[in-house]
Amino acid sequence: MSEEVRYDFRRIDKKWQDRWDAAHIFRAADPGEPGSEKPKFYALVEFPYPSGAGMHVGHIKAFSGLEVISRMRRMQGYNVMFPMGFDAFGLPTENYAIKTGTHPRTVTDVNVERFIAQLKSVGFSFDWSRKIDTTETDYYKWTQWIFLKMFEKGLAFRDTALVNYCPHCKVVLSNEDSQGGKCDICHSDIVQKSKDVWYLRITEYADKLLQGLEEVDYLPNIKQQQINWIGRSEGAFVNFGLKDTGEKLRIYTTRPDTLFGVTFMVMAPEHPLIDKYASKIANMADVEAYRAECAKKTEFDRTQMNKDKTGLKLDGLCAVNPLNGKEIPIYIADYVMMGYGTGAIMAVPAHDQRDWEFARKFGIDVIEVIKGGDIEKEAYAGDGEMVNSGFLNGFTNKKDSIRRAIDELVKIGAGEGGVQYKMKDWAFNRQRYWGEPIPIVHCPECGMVPVPYDELPLCLPDMKEFAPGQGGESPLARMPEFVNCKCPRCGKDARRETDTMPQWAGSSWYFLRYIDPHNNNCLADEKKLEYWLPVDWYNGGMEHVTRHMIYSRFWHKFLYDIGVVPTDEPYAKRTAQGLILGPDGEKMSKSRGNVVDPLDVVDEYGADVLRTYVLFMGDYGSAAPWSPSSIKGCKRFLDRVAGLEAICSGSGGISKDLESSFHKTIKKVTEDIDGMKFNTAIAALMTLINEIYDKKSVTRDELSIFITLLNPFAPHLTEEIWEHIGGKGLLSLAKWPEYDEAKTVDSTVEIAVQVNGKLRGTVKIAADAAKDEVIAAAKADEKVASFVDGKEIVKEIYVPGKLVNIVVRG
RNA sequence: GCACCCGUGGCGGAACAGGCAGACGCGCCGGAUUUAGGAUCCGGUCCGAAAGGGUGCGGGUUCAAGUCCCGCCGGGUGUACCA
């Protein structure tokens with residue numbers, strides 16, 4: 001029961017897709033090639049993971065934004081690069097491969113092919129000659145190359161650490177991949193495990209990543225999320241004495257000026273000094289019991305017990321305040337984390353709510369050092385005069401007192417100012433098969449030796465059985481032909497690293513490879529990088545603005561520092577699209593059964609209706625529910641566009657009575673596309689077509705302008721009409737219409753007339769009429785007059801072209 | 001808990017930079033066409049008979065507030081014992 005269509009989209013869609021393909025019209029010109037003299041525009045959308053489920057309507061919306069902008073830019077005379085590729089390493093493919101006994105290579109190839117066919121069926125103007133796939137050796141050769149460069153510079157290193165481990169996926173996860181204590185992929189509870197793992201020293205770039213945000217044009221909330229993620233805080237490291245040991249207990253605090261308010265210390269349960277001085281701790285058995293209890297707690301429990309502090313006093317160990325020599329008890333408690341700062345804190349219960357709660361529970365003194373709150377009721381974190389604080393007494397400005405405290409600490413050698421980041425080094429390895437092999441050899445003589453550059457790519461060996469090993473060993477470890485090798489440095493027997501890189505590796509630099517995807521000599525040619533960088537506009541999902549974007553900015557900044565890329569920031573501008581929700585207003589998911597398949601939509605309505613609807617359904621940056629009935633509005637609109645041909649007079653310019661409408665619409669559509677306000681751009685075209693139909697005829701010039709403006713949204717139908725009315729060449733290559741500002745204003749305007757702020761009438765008057773004239777006309781209005789007559793006029797306000805407000809009294 | 005964003009008809013959403021709230025679309029109502037239904041076309045559609053009232057609630061600033069300020073209530077996103 002498919003609905004009647006006014007135009008044969010099945011034939012038309014295919015016809016134009018084939019013609020664009022054959023003419024290679026979306027191929028970007030590299031420097032030196034014809035077309036490269038135009039200004040360049042590099043539009044980037046997040047490349048998809050080619051899942052077996054195929055495309056999702058969310059992909060369509062994500063790509064359609066820059067698709068429309070790219071098509072408009074081409075028509076405006078830009079040399080546009082709008083590439084597409086596939087981020088194809090990763091667990092879903094591997095898990096599917098294991099389940100079905102198919103090799104992940106095969107699975108990936110099949111999925112990629114399907115994605116390409118689907119993307120083409122929607123008519124996206126991607127430059128397919130630049131297609132990349134992160135799992136191809138030609139690509140990951142350079143992923144490995146970058147890794148080795150980082151290794152050389154000491155930014156890739158191995159360390160033993162407590163890691164987040166997913167027992168289900170059998171992999172080590174970064175903090176980013178295990179938020180909330182759940183595995184990002186399978187949502188199982190993760191556990192802590194001690195392991196020797198690879199890290200990338202992203203923390204070394206923390207400040208650069210923060211500072212770089214000042215020079216880029218990201219949406220404000222995107223910048224804010226990155227700032228929060230980096231989580232820079234300024235404070236001081238303070239060394240407390242550890243009584244009778246000669247040892248220092250080092251802590252980090254943002255408020256060193258509250259040192260006189262310290263009444264206890266807290267160490268994380270795992271703190272190494274506990275073991276070192278275990279012999280001095282009288283209640284070590286209790287300590288061990290508490291530690292065991294903490295280790296059992298899942299993240300979820302810890303969150304639930306947010307308010308209920310637990311802990312234990314260390315009997316026999318005692319800290320000494322470096323400023324006043326006071327002895328201070330030491331506790332262990334799991335509200336202090338080993339992973340942040342030094343794993344120990346000075347507790348100032350009067351001015352920190354967590355410390356306050358702990359002090360209450362354990363009956364510890366609370367000493368006020370900042371006036372202004374009621375420390376009997378709760379901790380006071382505000383500003384105020386310093387008291388009970390020796391040389392700090394009397395300070396009222398936080399900045400000054402902190403500086404004074406740090407100066408004193410430095411003077412007596414008990415500490416110094418310091419900076420901390422929430423961001424941690426990036427755990428950079430997985431014990432899985434379907435990823436880039438880490439190109440390192442472990443030699444008993446030489447230690448860790450990089451695989452020589454001329455031996456890259458280090459190919460992933462073909463395996464039949466690639467399920468992860470028990471205990472989380474990489475499947476590659478089961479393959480002696482891969483593992484056993486000669487040390488590149490000394491030639492003796494050695495073992496290859498068997499871990500692979502995490503999913504985020506390949507996507508950290510893909511935008512560079514698009515610039516020169518087939519280069520065998522370097523990751524991309526210098527001249528081409530110089531020409532194309534930075535990415536002018538990057539659009540993607542909010543879920544990637546921290547992890548993926550920070551990782552890729554880090555890689556890019558590193559490549560800049562070693563002279564490989566010419567810009568220090570990769571992306572000049574970043575925006576994000578909102579989700580498409582299911583018709584029920586919930587997030588689309590298979591389990592809810594509310595998933596809309598874009599191909600079903602293409603099948604029923606054609607690509608142009610799908611493209612138009614995903615942009616018309618609401619504000620591009622906000623989530624909006626899919627509406628199976630609302631999409632009909634877009635179908636009707638395009639049917640009406642197809643119907644314009646029948647009322648086309650065949651000749652003539654823009655008719656007088658539609659002139660300002662056309663100029664206004666050109667302006668509105670152009671500006672709205674630039675501002676990603678696609679919904680109102682389409683609405684403006686709908687308004688214009690309604691005006692055209694009111695007139696019952698359209699000139700050839702009017703029709704040309706109309707379909708040119710609509711082309712980025714509905715390229716197939718508009719190409720077809722263009723051909724019918726004898727347009728030269730392809731509409732996709734036509735010139736974008738320009739408007740005359742002077743013609744966007746009407747000669748007569750309708751002015752709202754208010755009396756005391758209430759609308760009482762309207763007057764039509766020449767747009768350039770003087771204030772007096774307009775007000776006189778307003779007063780002449782019968783209804784207005786009835787509200788004004790016999791009253792004292794206090795004020796007359798005239799907003800040119802808009803409104804008159806007559807303020808009366810009495 | 002903290003940070004940011006958002007609350008507008010039956011629905012999705014418009015409203016530059018404080019200036020006619022509800023553009024555009026869906027749905028709905030009526031009419032035309034049709035054997036009928038669908039599709040299409042035309043008209044109507046914030047509430048109210050009207051005066052008037054309307055942008056989550058309560059205050060404020062202003063000639064004028066969806067928009068600015070203060071305090072609530074509700075929702076979303078991010079982050080979470082970060083010292």
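Just so it is clear, the model here is predicted, and its values are computed rather than measured.
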What is the distance, rounded to the nearest whole Å, between atom [atom1] of [X] and atom [atom2] of [N]?
X	N	atom1	atom2	value
Q225(A)	G76(B)	CD	C1'	13 Å
H351(A)	C81(B)	NE2	C1'	19 Å
K758(A)	A65(B)	NZ	C1'	14 Å
E378(A)	G1(B)	CD	P	13 Å
F787(A)	G52(B)	CZ	C1'	10 Å
Q226(A)	A3(B)	CD	P	21 Å

Going by number, which of residues 774-782 of chain A have a non-hydrogen atom under 4.0 Å from RNA chain B?
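Heavy-atom cutoff 4.0 Å gives no residues at all.
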
Between the protein and nucleotides 23-29 of chain B, which nitrogen or oxygen pairs come in under 3.5 angstrom?
unit_1: G25(B); atom_1: OP1; unit_2: N690(A); atom_2: ND2; d: 3.2
unit_1: C26(B); atom_1: OP1; unit_2: R636(A); atom_2: NH1; d: 2.5
unit_1: C26(B); atom_1: O2'; unit_2: S629(A); atom_2: OG; d: 2.9
unit_1: G27(B); atom_1: OP2; unit_2: R636(A); atom_2: NH1; d: 3.3

What does R760(A) touch in the nucleic acid at a heavy-atom separation under 4.0 angstrom: a base, only the sugar-phosphate, or nothing?
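Contact class for R760(A): sugar-phosphate only.
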
Just to be sure I understand the rule, does K677(A) reach a base, reach only the sugar-phosphate, or reach nothing, if contact means heavy atoms closer than 4.0 Å?
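Sugar-phosphate contact only - K677(A) comes under 4.0 Å of backbone atoms but never of a base.
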
Could you measure between the two [atom1] atoms, the one in [N] and the one in [M], and give it in whole Å?
N	M	atom1	result
G10(B)	C46(B)	C1'	11 Å
U45(B)	C11(B)	C1'	14 Å
G59(B)	C5(B)	C1'	24 Å

Nucleotide N/O of nucleotides 66-73 of chain B paired with protein N/O under 3.5 Å:
none

Going by the rule side chain to side chain contact (heavy atoms under 4.5 Å, CB included), which residues pair with S630(A) if we only count those two or more places apart in sequence or in a different chain?
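So S630(A) forms a side chain to side chain contact (heavy atoms under 4.5 Å, CB included) with Y613(A), S627(A).
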
Tell me which of Y252(A) and D694(A) sits closer to the 5' end of RNA chain B, going by the nucleotide each one is nearest to.
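The residue whose closest nucleotide sits nearer the 5' end is D694(A).
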
Where the side chain of N221(A) is concerned, which of C42(B), C81(B), C4(B) is the nearest nucleotide?
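In terms of side-chain proximity for N221(A), the closest of C42(B), C81(B), C4(B) is C4(B).
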
Could you run down the sub-3.5 Å N/O contacts of the protein with nucleotides 19-22 of chain B?
unit_1: C20(B); atom_1: N4; unit_2: E750(A); atom_2: O; d: 3.4

Using atom names, set out every protein N or O paired with an N or O of nucleotides 5-8 of chain B below 3.5 Å, distance rounded to 0.1 Å.
none

